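Accompanying notes for the structure given below.
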Amino acid sequence: MAKYNPIETENKWRERWKKEQYYNVDLNDESRPKFYNLVMFPYPSGDRLHVGHWYNFGPADSFGRYMRMKGYNVFEPMGFDAFGLPAENHAIKTGTPPAESTEVNTATMVDQLKKIGTIYDWSRTLNTSKPEYYRWTQWLFLQMYKHGIAYKKEAAVNWCDTCQTVLANEQAQDGTCERCATEVVQKPLKQWFWKITDYAQRLLDGLDDLDWPEKTKLMQQNWIGRSEGADVVFELVGTAGKVEVFTTRPDTLFGATYMVLAPEHPLVLDIVTDGQRKEIMAYIKAVKKKTEMQRTDLEKDKTGVFTGGYAVNPVNGEKIPVWIADYVLMTYGTGAIMAVPAHDERDFEFAKKFDLPVREVVSGGNVSETAFAEEGTAVNSGFLDGFSTPDAKKKMIKWLGDKKLGRGVVNFRLRDWLISRQRYWGAPIPIVYDPDGKAHPIPDEHLPWLLPTDTEFKPKGTSPLGQSKELKARTERLFGKGWKPEIDTMDTFVCSSFYYLRYLMAGSGSADSGAEAFINPKIEKKWMPVDMYIGGPEHACMHLIYARFVMMALKDFGFVSHSEPFARLVHQGLIKYQGLKMSKTKGNTVSPDEFVSFYGSDVFRMYLMFMGPFTDGGDWNDKGITGIARFVDRFYGFIAGEAGGPADLGLLHKTIKRVTEDIEKMQFNTAIAALMEFLNGAVKTGLSVEGKRILVRLIAPLAPHLAEELWKHLGGKKSVFNEKWPEYDPALTVSATVTLAVQVNGKLRGQVEVATGISLEEALKAAAEVENVAKHLEGKEIVKKIYVPGKLVSFVVK
RNA sequence: GCCGGGGUGGCGGAAUUGGUAGACGCGCGGGACUUAAAAUCCCGUAGUAGCAAUACUGUGCGGGUUCGAUUCCCGCCCUCGGCACCA
C-alpha cells in the first residue's frame, strides 16, 4: 500500500499555490458571488505562533475553502494589529524601538502563518502601525472631529507617582503599580472622547438583523444598557443650586428620603457644610484609590458621608439630607440619585446602616424586613395612590413635565469612548493647539502625521511624544511659533474599528490600491458586509461595538453604504494549557511547530478541529493526535489503492449531507467523525472511483494538501479547490427501514426494525410483539400509547 | 459583585422544537501477524449483579413538571470569558 509523506507533499502544494498566485483575489470578478471570510487580525507579539492561533485560523480557513468550493469568490485576508502596550513595554525594558521589534515579529509570524496552508491573499495584507495605514486612523479621527463626534473632556487615569506614568488597568491590579508597588491613584486629565452614545439606540436596534450568537447580542444589549425612566430636578436648600437625578422608578418619588451624590459630583463642594468638610474631603480622597468594581460591589459594606446639606423633594416639599457614597458613579446617569430605601436594595442597605428613614410607597412587600423592588400598587403617594407601577410612572412623568421639574428620559449605561492614550506606540492624534491652547485639526494634506522617533520610551511625567523635539519643530514649522502638538496617541481599538474596510483597498499596483482614498465606494458596496467574521468571545463588548459604531458613523458621513460591518459572527473557543489561558508571561504557550513538522499541517489542523466544537475551545493535550494521523494514513491508502466494490449510495449521500451541514454550522468535529465512519465502512466494502472523487472533495476543506495530492492521483488536472462541492440527493439519504425504541412506563424495553413510512397501528402492533416488551405488558392495562414516527413507541401501563 | 457561557465514561467529546445517553477518536484489555518489538489489522470497553437473556444505577448537587428530562422550571455548587487603558 502506498505510504503518505505529509511533509514533502504539503511543501509541494504550498509552493504551487504560491507560484500560481492561486489565492490572490480579483475583487472586481463578477462571474461568481463574493464571500468575505474574515478572522480577527492578530497582535504580533514576540511569541511564536501558538496552538491557540492555529485553533483560530485553521478552521476559519477550512470554512473559506468550503465556501470557495460552493462557488464563491472568497476573499480571506490577514494582517496585523500592531500598535499596543506589549511592544512599548518591551521598548522600555530593552531600548529597542517598537517599530523594529514589530517588524521582526510580523516577519516571523508571516513565515509561520504560511505553514498553515491557508488561502490568505498576502497581496492585501496590512499593518496598523505603518504610516500608510495609520494615516487613515488619523483621517477617521478628523472625520469624527469634523462631524462633532470627537470632543475633549476631563477623565481619570491610573497614575503612579513613583514611575511618573499612566498605567493600564492591567498594570494596576489590586490598586498598586505593577512595576514598583506604589499605590495607584486616579488622576484627572483632559482627553479625547468619541460620542458613541449618540449611536446607542442604533447599536441596539441593529442587533436584530445580525446572524450573531444570541449570547453575544445579549451581552451587547446589557453593555449598552438601555433603561427608561425620568430625570427629576431637586432644589438645594440654602443655595441657588439644583441637582438632577436619573431614576427608573419615578413612581417612587414620594418614598425618596435622602439623596446621594457621586463623590466626584461638582456640587459636593458647594453644599458641604463646614462641620462636614473634613470628613467629606477625606472620603473623596479615599475613593480615588478604588476601582469601579470595588465601588459597585453589592456584597461589600456600604460607605458614605453626610454633606450637611439638604435638598427638597419636589413632589412633597420635604427636606431630605444629601450624602455622598462611592456606589454612585459619575459616569452613569447624572452622577446623583434619589434614594428610595423601601424599594431599592442598595438604598435599603445604606439606610439601615446610617439610620435613614424607610418609607413604603409601593405595596406588595414587607419593607421593614427588606427592600421591595418589584411592581405593585402605589401607596403613601398622594395623587399616585392606587395606581399600578407602570401607570404611576406615566402619571408622575406627566406631573413632573407639567411643573417643569423633570421629564421622561431614556438612559444608557454605555459611555462615550475614551480614545486618548498617554503612550508612544500608537497613532498620533492629528490635532495641534494654537498659542491660546485652542485645538485645531491637522489638514488632510499633512497626513500621515508621523509618529516621531526621537523619544525615550521611559516615561517622564508626560506622554512620551512630549519629549520629541522633532514633533515640536514640525508643528511650529507648519503652523507657527508657539503652536503645540497633541502628544497623546489613539486607543488601538480605533485602528481595529475599520481595518475590514482597508483590506479592500490594500495592496500595491492594483487599481484600487489604497493611497488616495479611504475606500472605493463600488468595492465597498459589493464586498461589505463581511460575510463571516471569526474571533474570540472576549471581544463581544468592546471591539465588536466600536467597529459597528465606526461603520454607522462612516455611513452617516457618506463614505460607506452599509451600516453593519459583520453579517455573521462566530466565536472560536479559548485554548488553554493546564487550565490557564496561554500567554508568554505565564510561560505556558505550546508551539505547534514540532507537531506540524512531524505530522504535517493537515493532521494538526484536523486534530484541533476534532478536539471538540470550534466554539468550545478546551485544554490542550496531544493525546489524540495519533488518531487523526492514523485516519489520514488510512484515508490516503484507501483512496490511492484499488477502486471497486458495490457503491452504497445511501451511505455516501448521508455522509455528504452530514459533512455539508456540519461545516455550515462550523461543527468540524462531527464532520470529521462522519468521514471516519464512512471510511470505516468503505474499507470493508470497497468504493468506486466516482465515490472516491466525492470523498476527496469532502475532505478537501479540512485537509487541503492531502486532498490536492489525492485529487491529482484520481486524475484531476487542476486544483481540487476549483471543483464543485458535492451535492447530495435527499431521496437517497432516507433509509427503507428504521429502528424504533419501545418503552414501557418510560423505560426502554426493546427495539424493533420497521419500514420507514409505517402507520400508527402497525407501529404499535410491531412494538407490542417484541418479546421483552410483551413480557412487561403482560397482565397490565395499557392506559396510553405514544408513537413518535421514526423514533419510538411508548406504552403507559397500570 | 455585575453581565454572559460551561459542567456527560479513565480522557477529548456525540446526542437537545422533551423521545434508544455515550457516535467518532484516544487510552486500556484480549487476539492475529512477527524470532521479537514497532507499525498494522480484528474483537471488547459507563458502573454494579449475572455464563447469558436481562435487571438496576447513571449526564455537577437538591427539588419539580412529564408516559418519558443531558434537554424545560426553581434553588445551589464549581468553573471559564468580559467589566470600558491587555488586545
Side-chain angles (χ1 to χ4, degrees), chain A residues 1 40-43 45 81 83-86 89 157-158 166-172 213-216 218-223 225 291-300 331 413-423 491-493 496 535-543 545-546 571 573-574 576 579 581 583 585 607 610-613 615-619 621-628 630-631 633-634 637 667 669-670 672-677 680 683 739-751 771-772 775 783-786 788 790-797:
Chain A
M1 196 192 265
M40 288 180 189
F41 61 168
Y43 178 80
S45 72
D81 189 12
F83 276 137
L85 197 57
N89 286 339
V157 293
N158 299 314
V166 172
L167 299 174
N169 287 342
E170 196 184 47
Q171 300 171 301
E214 283 306 317
K215 61 162 187 169
T216 308
L218 194 56
M219 277 192 271
Q220 287 210 354
Q221 272 171 29
N222 292 335
W223 185 266
T291 65
E292 196 174 298
M293 227 183 289
Q294 290 165 335
R295 288 175 57 166
T296 53
D297 189 333
L298 290 178
E299 291 286 285
K300 65 147 195 176
T331 49
R413 207 183 70 94
L414 184 70
R415 310 207 289 251
D416 277 341
W417 180 7
L418 170 64
I419 61 128
S420 294
R421 294 292 180 272
Q422 296 70 38
R423 298 274 163 67
D491 179 6
T492 53
F493 278 124
S496 57
E538 67 272 20
H539 294 290
C541 287
M542 302 187 71
H543 163 62
I545 285 185
Y546 295 141
H571 296 302
L574 184 73
K576 290 177 289 183
K581 190 171 170 172
S583 77
T585 41
Y607 176 56
F610 190 63
M611 269 174 60
T615 51
D616 278 14
D619 208 60
N621 74 70
D622 56 15
K623 285 199 323 208
I625 196 165
T626 51
I628 296 291
R630 275 177 207 153
F631 170 62
D633 280 341
R634 271 155 54 90
Q667 287 166 4
N669 54 333
T670 47
I672 293 169
L675 288 168
M676 286 173 167
E677 277 182 65
N680 287 345
V683 290
T739 304
L740 295 181
V742 187
Q743 296 182 346
V744 179
N745 283 350
K747 285 197 185 289
L748 181 69
R749 295 302 179 192
Q751 296 181 340
E771 197 186 332
N772 194 42
K775 209 167 82 192
V783 293
K784 200 167 173 183
K785 300 169 183 174
I786 296 148
V788 182
K791 295 268 163 101
L792 86 145
V793 171
S794 182
F795 296 107
V796 184
V797 300

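None of these values were measured; they are calculated from a predicted model.
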Nearest whole angstrom, please: distance from the C1' of B/G82 to the CZ of A/Phe493. 11 Å
Using the P atom as the reference point in each nucleotide, state the distance between B/C28 and B/A38 in Å, no decimals. 11 Å
Quick one: is A/Arg423 getting a side-chain N or O under 4.0 Å of the B/C85 phosphate, OP1 or OP2? no
Does A/Asn669 have a side-chain nitrogen or oxygen under 4.0 Å from the phosphate oxygens OP1 or OP2 of B/A14? yes
How long is the straight-line distance from CG of A/Asp622 back to CE of A/Met611, given to the nearest 0.5 Å? 10.5 Å
Can you tell me the distance, in whole Å, between the CD atom of A/Glu170 and the C1' atom of B/A87? 9 Å
Tell me what A/Val744 touches on the nucleic acid: a base, only sugar-phosphate, or nothing, going by heavy atoms under 4.0 Å. nothing
For A/Ser496 and A/His543 the tightest heavy-atom approach is O-CE1, 3.1 Å
So A/Pro613, base contact, sugar-phosphate only, or nothing? Heavy-atom distance under 4.0 Å. sugar-phosphate
Examine B/G27: is either OP1 or OP2 under 4.0 Å from a nitrogen or oxygen in the side chain of A/Arg630? Give yes or no. yes
B/U17 to B/C72 separation - C1' atoms, rounded to the nearest Å: 12 Å
Close side-chain approach of A/Ile628 to A/Met676, heavy-atom, < 4.5 Å: yes
What nucleic acid atoms does A/Thr626 come within less than 4.0 Å of, heavy atoms only: base, sugar-phosphate, or nothing? sugar-phosphate
Could you give the CZ-to-C1' distance, from A/Arg295 to B/C2, as a whole number of Å? 15 Å
Atom pair CG/NZ of A/Leu740 and A/Lys791 - distance to nearest 0.5 Å: 11.0 Å
The side chain of A/Glu538 lies closest to which of these nucleotides: B/U20, B/C24, B/A87? B/A87
Using whole Å, what does the distance between atom P of nucleotide B/A14 and atom CD1 of A/Ile672 come to? 12 Å
Contacts of A/Asp81 and A/Asp616 projected onto RNA chain B by closest heavy atom; the upstream (5') one is A/Asp616
Is the shortest side-chain N/O distance from A/Arg749 to OP1 or OP2 of B/U54 below 4.0 Å? no
In whole angstroms, how far is the P atom of B/A14 from the CE atom of A/Met611? 12 Å
So what does A/Ile786 hit on the nucleic acid, given a heavy-atom distance under 4.0 Å: a base, only sugar-phosphate, or nothing? base
At under 4.0 Å, does any side-chain N or O of A/Arg421 touch on OP1 or OP2 of B/A87? no
Base, sugar-phosphate, or nothing for A/Thr492, non-hydrogen atoms under 4.0 angstrom? sugar-phosphate
Does A/Glu292 make a side-chain donor-acceptor contact with the base of B/C83, cut-off 3.5 Å? no
Closest to side chain of A/Arg634, choosing from B/C86, B/C41, B/C26: B/C41
Which sits closer to the 5' end of RNA chain B, A/Phe83 or A/Gly612, going by the nucleotide each is nearest to? A/Gly612
Using a heavy-atom cut-off of under 4.0 Å over every strand shown, decide if A/Asn621 touches base, sugar-phosphate, or nothing. nothing
Taken to the nearest whole Å, NZ/A/Lys215 to C1'/B/G5 is 5 Å
I want to verify the glycosidic state of B/G13; is it syn or anti under the 90° rule? anti
Would the distance check show the side chain of A/Gln220 and the main-chain N or O of A/Ala540 forming a donor-acceptor pair, the cut-off being under 3.5 Å? yes
Side-chain N or O of A/Asn222 less than 4.0 angstrom from OP1 or OP2 on B/G82? no
Decide yes or no for A/Val793 and A/Ile786: does some side-chain heavy atom of the first lie under 4.5 Å from some side-chain heavy atom of the second? no
Given B/U57, is OP1 or OP2 found less than 4.0 Å from the side-chain N or O atoms of A/Lys747? yes
Within the structure shown, what part of the strands sits under 4.0 Å from A/Val166 by heavy-atom distance: base, sugar-phosphate, or nothing? base
Closest to the A/Lys784 side chain, choosing from B/C86, B/G81, B/C67: B/C67
Look at all strands and tell whether A/Lys785 reaches a base, only sugar-phosphate, or nothing, counting heavy atoms closer than 4.0 Å. nothing
Distance, P atom - from B/U70 to B/U8, rounded to whole angstrom: 14 Å
Determine the Euclidean distance between corresponding P atoms of B/A36 and B/G31; express it in Å to zero decimal places. 14 Å
Under 4.0 Å, counting only non-hydrogen atoms across every strand here, what does A/Leu675 touch: a base, just sugar-phosphate, or nothing? nothing
In whole Å, measure the gap between the P atoms of B/A23 and B/C74 for me. 32 Å
For the pair A/Asp491 and A/Arg421, find out whether any cationic side-chain nitrogen is under 4.0 Å from an anionic carboxylate oxygen. yes
Answer with base, sugar-phosphate or nothing: what part of the nucleic acid does A/Leu792 contact at a heavy-atom distance below 4.0 Å? base
Would you kindly say whether A/Asn680 and A/Arg634 are connected by a side-chain donor-acceptor distance under 3.5 Å? yes
Base, sugar-phosphate, or nothing for A/Glu677, non-hydrogen atoms under 4.0 angstrom? sugar-phosphate
Using the P atom on both, measure B/G30 against B/G81 and round to a whole Å. 42 Å
What's the NE2-P distance between A/His539 and B/A84, to the nearest Å? 15 Å
Could you tell me how the ring of A/Phe493 sits relative to the ring of A/Tyr546: parallel (under 30°), tilted (30 to 60°) or perpendicular (over 60°)? tilted
A/Asp491, nearest nucleotide to its side chain (from B/C41, B/G1, B/C85): B/C85
Assign A/Ser420 to base, sugar-phosphate, or nothing according to its heavy-atom contacts below 4.0 angstrom with the strands shown. base
What integer distance in Å separates A/Arg415:CZ from B/A84:C1'? 6 Å
What contact category does A/Gln422 fall into here, base, sugar-phosphate, or nothing, at under 4.0 angstrom with non-hydrogen atoms? base
Can you list every stem that RNA chain B is part of, counting only runs of 3 or more consecutive Watson-Crick or G-U wobble pairs with both distances under 3.5 Å? B:1-7 with B:77-83, B:10-12 with B:24-26, B:27-32 with B:40-45, B:46-49 with B:54-57, B:60-64 with B:72-76
Between B/C3 and B/C67, how far is it from one C1' atom to the other, in whole Å? 39 Å
Please determine whether any donor N or O and acceptor N or O are separated by less than 3.5 Å between the side chain of A/Gln743 and the base of B/G19. yes
For the P atoms, the ones on B/G47 and on B/G22, what distance do you get once it is rounded to whole angstrom? 13 Å
Tell me if a side-chain donor or acceptor on A/Asp616 pairs with a main-chain N or O of A/Gly573 at a distance below 3.5 Å. no
Side-chain atoms of A/Asn772 come closest, of B/C86, B/U54, B/A23, to B/U54
Of the nucleotides B/G4, B/C24, B/C26, which one has an atom closest to the side chain of A/Met219? B/G4
Side chains of A/His571 and A/Thr615 in contact at under 4.5 Å (non-hydrogen atoms): no
I'd like to know whether A/Gln171 forms a side-chain contact (heavy atoms from CB on, under 4.5 Å) with A/Val166, so could you lay out the CA-CA distance, the side-chain angles of the two residues, the decisive distance to 0.1 Å, and finally the verdict. CA-CA 9 Å; A/Gln171 300 171 301; A/Val166 172; over 6 Å; no
Which part of the nucleic acid, if any, lies within contact of A/Trp417, taking any heavy atom under 4.0 Å across all strands shown: a base, the sugar-phosphate backbone alone, or nothing? nothing
